Every structure is written in structure tokens, then in C-alpha cells.
Amino acid sequence: MTAPKTLYDKIWDAHLVDEAEDGTCLLYIDRHLVHEVTSPQAFEGLRMAGRTVRAPEKTIAVPDHNVPTTADRLDGIKNEESRIQVEALDRNASDFGINYYPVSDIRQGIVHIVGPEQGWTLPGMTVVCGDSHTATHGAFGALAHGIGTSEVEHVLATQTLIQQKSKNMKVEITGQLRPGVTAKDITLSVIGATGTAGGTGHVIEYCGEAIRSLSMEGRMTVCNMAIEGGARAGLIAPDEKTYQYVKGRPHAPKGAQWEAALAWWKTLYSDDDAHWDKVVTIRGEDIAPVVTWGTSPEDVLPIDGVVPAPEDFAGGKVEAAKRALDYMGLTPGTKLSDIAIDTVFIGSCTNGRIEDLRAAAQILKGKKIKEGMRAMVVPGSGLVRAQAEEEGLAQIFIDAGFEWRLAGCSMCLAMNPDQLSPGERCAATSNRNFEGRQGRGGRTHLMSPAMAAAAAVTGHLTDVREMM
Amino acid sequence: MEKFEKLTGVAAPLPMVNVDTDMIIPKQFLKTIKRSGLGVNLFDEMRYDDDGKEKPDFVLNRPAYRNAEILVAGENFGCGSSREHAPWAIKDFGIRCVIAPSFADIFFNNCFKNGILPITLPQSQVDMLMKDAEKGANAKMTVDLEAQTIATSDGEVIAFDVDPFRKHCLLEGLDDIALTLEKGAAIDRFEKTAETRRPWV
Ligand code: SF4
């Protein structure tokens, strides 16, 4: 009898190439995703050393961080440094023969949306990318995490990564979610409960009835933010929904290979008596639609709450809360639903998938955004965009007064032209509300797509349940 | 990584203490997409005036030292930030060996990762090498890593210390990646087995 294992243990063991006496392991990497910002020096390093990409067929690149999301981007990127980085990726992809989706390709989009969409991400794989939100791919029961530029080079050259094993953490969401509560509310609530360091040193496996009930899109939203909870990666065991999502995608296995893959995937779950270093349990019924009020993803409160006071906290968080309230321009005691919003951003690798656009469109149907409001929808990929147009969602957004953009990271981070101005307050479906994340001095409130749509209509943070 | 075995070349004297990484490569050059190409901006502010014209007095602008491959400098060389752009710029210029009485720790480590040999010697010996370097282009030095010696243009030989593991890596041209590549057989074996177990990957 072998010892009981967690899902993480099983994937780890299946990818172990070598283990040194000091516990340093060499882990095999099945999929390496690449974008334009963290890769140029890595490719340059390969060239200088006269090395090649060991497994170009397992390497997939797409530009996303720097690309503008307006239609004129095909005429060339105006910002020179951005343009150079994107052109460098064009060249590196062609020189090294890796799979590539250039800006002009309809399949282009945010790397973490493109990977699963094209069937590159499969259960039981190891997936890395020079980007912290690689955790997204854990939704398929893949071990997926972000790496630095020297590690990007290491993976390009060797298809392996030098690693130490993490601990096992279980986050169980029991029961069912109440109406108006989404995957985003789950993931934000978990971070609110455990803190941004709660998962440090661990790989989280999300489980429980509420997680099982989520679609693949929802599961990706949950795993996407595992990193905000400090975890190295987030995982969800694959099931029928996973197989259904994967089946038929361009790079998914077919025929006899599909059957073989399926047989192995079905062994990918944590054994009943597996050991957990940490366990967190949250009742699905207790989760409300939430928003963030501060400048850390752990600054989460139910929408019917009020802005907290620094005295509500203890230790170093008192000073942090003071600073956050000052930066956010908020007064303790203010009802969260009284906070007026200037801008709404729907998109990012957290909430830029078709289901997210459907949820927002459902709220917006037949309505108009508040006068003077700036609102934009940025689909996570060109294919999500096309599908949303086909389903009539694009027209709902446009009729409501939203800008309908091309795919990219957009206003999730301030590296392309989509940015907040100082003091501008934004309801965002992305994942980070750090100071300056969406633009210098910009103020970010994180929430679900439906909540962001509701805020666009009323002009202030709004409990979406009142509009359902 | 490029191997470092034996190097015979011109040594440039830079008798300054506390040469920091901002002097080596100012921050406006960190936006690059490259590790290479930084050589033209090595010591940018000391090397060029405000109009971008070369300052003729700066050592690397003097005809004798334009192709220097060794740098002899004062104590605490490479202090400041951790930017790997500093050794990248030095290497790109063509310098493969820096000799000084002491180095900043991170810079020292970064050198080894990039095929540059930093040598620490007592002040008196550095002074002697500095004098030799000041003779100009005809006075070539030889640095022999295997033997751990530096021979001056007059044939005088000085011994130096180097960590055995780092010496091994430099001699063999090994970096993290190269070390992993040494396990190439294990990776090959893994891929072979994986091909039968998980052929769809
Ligand atoms: S959408 Fe945001 S979080 Fe996701 S990859 Fe792009 S910048 Fe990173």
C-alpha cells in the first residue's frame, strides 16, 4: 500500500525528474506560457549561450500586458517601449519556433485565458509562466505557478524547474452559494478570511460542494487569486465538468489518447486520509457579494457593510489601514454602497471569460450606465470577444454605454494606455487593488462582474441582489 | 555561460573606491529588453558628457584602453543595487575580469553567474597591478584561473584565491541552467517514460 496522497502530491510525484540529498528537486514542466514583459532577457540569455528551446512544442507565447485594446492597435503600438517588447516576442517566437498568437490573431488574448481556451492546459500537468496569475490553470487540476525571468530561461533551456516542495492546504467551501454570489465572492472571501499571507508556503486545493457546483470559468476565477492569498498555487480536482470543457479543444488529446488521458485524470484526487498541513472551511451560505475597500486584496467586506476604522484592526494592520483609507479617500463608517464610482472595468484573467460577460450583460440588459461614467469591457481573448458578439452581449454593453474593447490585460495593470488618473475611483473585476496598480493615484475596488455592472448603472457601489 | 579559463589582455586602471552600480549602469538603461547591448552605456555618466560626447579623459575612452578586457579598481567595487545589468554591461563591453581589494557581495555573485571572474587581492598587490595597468596597451596581463595566478607584463606572478565550486563552474562554463543540463540524461529518461505514460502531453 502506498501512503495516501493529496492531488498536489500526485502531480508532484508524476513530474519529479531528480531529487538531491538536500531536498532540492528538479520538476518536469509540461507547459510553458510566455508573454512579452518577462521573457525578452530570457530569450536573449539563450542566444548568448548558444542554447535552444528544449521543447518548443510545449511552449506557448502571446503578447497581452502591453497591447492597447483599441481598434487602431493593428496600425502599430504607439508607446515605443511597449512596441519594442511586443516586437521582441514576435521575433523570439519565430526564431525559436514556439507556438505563437500574435496581436493580429483572433486567438490572441490574456495568456491565462488563451492557454485553457486552446486546450494547452490539461489536468495533471505542470504549467508555468513568468506571471504570478498562472495559478489560474489550477482550475483544471494542473499544478500551475508563476516564475521569474531567470527561471523562464531555465525552463526554456531545460523544460524543468528547480523546486522545493510546498505544504498542503485544503480550503473547503461547503453547501451552496446564495443567489447573486459568485466565484469572485468565494475567492475574495477566502482571502478576507485567511489574509494575504494565509497560504504562504502552501499549495491550496479548493474543494467542497460549492466549488464542485462552479463552472470551469468560475473555478478559474477562484484559482486565479490563490496567489493573492499567498499560496504558491491553487488546485481543483478535475471532474466531468473539466473533461467536458477540455474535450474537442484544438490541443486537447483525441481518440485513443483521449481515452488514455481520461483514465489517468480520473486518478487525480486527494485520497480520503491524505495529510493536510492546514485546513480552512467556509460555509457557502455565509458568503455574501463582497467588495474591497482598501489597497490589499484581504481588505474585503460584504457590500452591506461600512468602511472600517483603523482601530478595528490590530498590530501592523492599524497603520496599514490608516494609509489605505487615506489613499482610497474614504471615511470610516461610510456605507460601502454610498461610495461613488467614476469608472467601471470588466475584464482581466480573473473575470474576462464568456461567463463573466454574460453575468454582467444580464444586469445591464435594457439599462444605461450612469451619466458621466467611464465604463469598459475588455474580453479576455479575441475568441471570447467573438462569442460575446455572437450571443448579442456586445450589443447590450454598447447600448448601455460601455466601450467594447479588444482583448488584453488592459486596465488590470498600468502598462498599456488603459489607466486610471490620480483620484479616479474604479469598480474593477481584476485581482489587485494595490496603490497605483491601475494607474498612479487610481483607486480600485475589486468585485464580481455582476457587481461591477450594477455599479455602472447606479454610479456607486451597489448590492447586485437589489437589481436581480 | 561562457567558459573562463585563461585570459591575456589589456588591463584598465580605475583607481576609485566605492564604484556603485549606478555608476556602472545608470537606471535609465534598465528598461531594455536585453542583457546584451549595455556595453556602450557602461560607466555612462563618467564616460559621456551631457551631449552624449565621449569625455576623452575617462580611462575607457583613451586609445590604449578601448579594448580592455581586465579592470583594476579600488575597494568596495559594485556596491549599490542588485541589478544584474551591472555585470551585463561590463561583460558586453568586453571585460571578463575585475580585480579589486574588495567587492560588494551581490555584485560579486552576479559576476560568476555571467562568466566574469572577480578577483580579490590585498591592497598592496592591487596597487602593484594598478601601476602595471597604467603602462597602457602594450602591457598585457595574463589571468590563469586553473593555476589561480595573474602574470604582469613584467612577468611577475601573483597568486589569488577563488571558491572551488565557483572555479569549477567558471572553468566548465556552468550556470544554473548548465548544471541542470548536466542532468540531461535524467531529463531524457523522464521524457521517454512520460511519452509512454502520458503520450498526450
Ligand atoms: S490580466 Fe492582469 S493579472 Fe492577469 S495576466 Fe494580465 S496583468 Fe496579470
Side-chain angles (χ1 to χ4, degrees), chain A residues 14-18 20 26-28 30-31 36-37 39-51 54-55 57-58 80-81 84-89 92 122 124-126 149-151 153-162 251-262 264-265, chain B residues 1-4 25 28-39 82-92 94 96 109-110 112-116 165 169-170 172-201:
Chain A
H15 291 83
L16 198 58
V17 174
D18 185 68
L26 202 58
L27 211 61
Y28 194 79
D30 293 327
R31 292 287 180 264
E36 78 278 20
V37 176
S39 65
Q41 279 93 352
F43 283 111
E44 188 64 15
L46 288 188
R47 275 198 187 88
M48 282 168 72
R51 292 190 176 116
R54 183 179 172 104
E57 73 284 2
K58 293 172 183 170
E80 195 181 339
E81 283 169 347
I84 290 173
Q85 280 194 328
V86 172
E87 286 172 355
L89 190 62
N92 288 329
L122 299 173
M125 280 185 162
T126 45
T149 295
S150 3
E151 289 177 312
E153 186 177 339
H154 192 278
V155 176
L156 287 172
T158 69
Q159 207 56 32
T160 64
L161 199 59
I162 299 169
H251 297 279
K254 316 221 155 40
Q257 297 224 335
W258 172 262
E259 295 307 323
L262 200 60
W264 187 58
W265 296 346
Chain B
M1 194 172 72
E2 210 177 318
K3 282 187 188 182
F4 189 107
I25 185 84
Q28 64 265 34
F29 302 108
L30 308 187
K31 291 179 182 174
T32 173
I33 54 163
K34 294 179 168 180
R35 270 186 274 227
S36 61
L38 287 165
S82 65
R83 65 187 65 158
E84 213 163 311
H85 297 70
W88 291 347
I90 289 174
K91 172 115 180 276
D92 192 65
R96 297 289 311 276
N109 288 327
N110 281 343
F112 284 103
K113 281 189 206 159
N114 289 282
I116 300 169
F165 177 69
C169 289
L170 270 186
E172 301 297 325
L174 305 176
D175 48 26
D176 250 14
I177 296 176
L179 286 172
T180 297
L181 289 173
E182 282 190 337
K183 295 177 179 164
I187 303 174
D188 289 343
R189 261 198 314 280
F190 180 92
E191 279 182 339
K192 270 238 153 59
T193 324
E195 237 164 74
T196 48
R197 277 200 202 143
R198 299 183 301 132
W200 60 89
V201 175

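Keep in mind that what you see is a predicted model, and the values were worked out from it rather than measured. Each chain gets a letter, A, B and so on, in the order the sequences are listed, and its residues count up from 1.
- For A:Leu16, the part sitting under 4.5 Å from any heavy atom of chain B is the backbone (N, CA, C, O) and nothing else.
- Minimum heavy-atom separation, A:Gln257 to B:Trp200: OE1-CA, 3.3 Å.
- Proximity to chain B (any heavy atom under 4.5 Å) is restricted, for A:Ala14, to the backbone atoms N, CA, C and O.
- If you measure heavy-atom distances from A:His251 to chain B, you find no contacts under 4.5 Å at all.
- Here the CD1 atom belonging to B:Ile177 is positioned 8.0 Å from the CG atom belonging to A:Leu156, to the nearest 0.5 angstrom.
- For B:Asp92, no part lies under 4.5 angstrom from a heavy atom of chain A.
- Only the side chain of A:Lys58 comes within less than 4.5 Å of a heavy atom in chain B; its backbone stays farther off.
- Between A:Pro40 and B:Ile33, the closest heavy-atom pair is CB-O, 3.1 Å.
- When all heavy atoms of A:Asp30 and B:Arg198 are compared, the closest pair comes out as OD2-NH1, 3.0 Å.
- When each of A:Glu153, A:Lys254, A:Met48 is scored by its heavy-atom pairs under 4.5 Å with chain B, the top score falls to A:Glu153.
- A:Val17 has its side chain out of reach of B:Lys183: every pair of non-hydrogen atoms, C-beta onward, lies at least 4.5 Å apart.
- Residue contact with chain B, scored on non-hydrogen atoms closer than 4.5 Å, involves the side chain of A:Leu122 exclusively.
- Contacts between A:Glu57 and chain B at a heavy-atom distance below 4.5 Å are absent for every atom of the residue.
- Both the backbone and the side chain of A:Thr158 have a heavy atom closer than 4.5 Å to some heavy atom of chain B.
- Heavy atoms closer than 4.5 Å to chain B are found in the side chain of A:Arg54, but not in its backbone.
- Distance check: A:Gln159 CD to B:Thr180 OG1 gives 12.5 Å after rounding to the nearest 0.5 Å.
- For a residue to count as touching a neighbouring chain, one of its non-hydrogen atoms must lie under 4.5 Å from one of that chain's; by this rule B:Asp175 touches chain A with the side chain only.
- Taking both residues in full, the closest heavy atoms of A:Ala157 and B:Leu181 are given as O-CD2, 4.0 Å, listed atom of the first, atom of the second, then distance.
- For B:Ala178 against A:Arg51, the heavy-atom pair with the smallest separation is CB-NH2, 3.6 Å.
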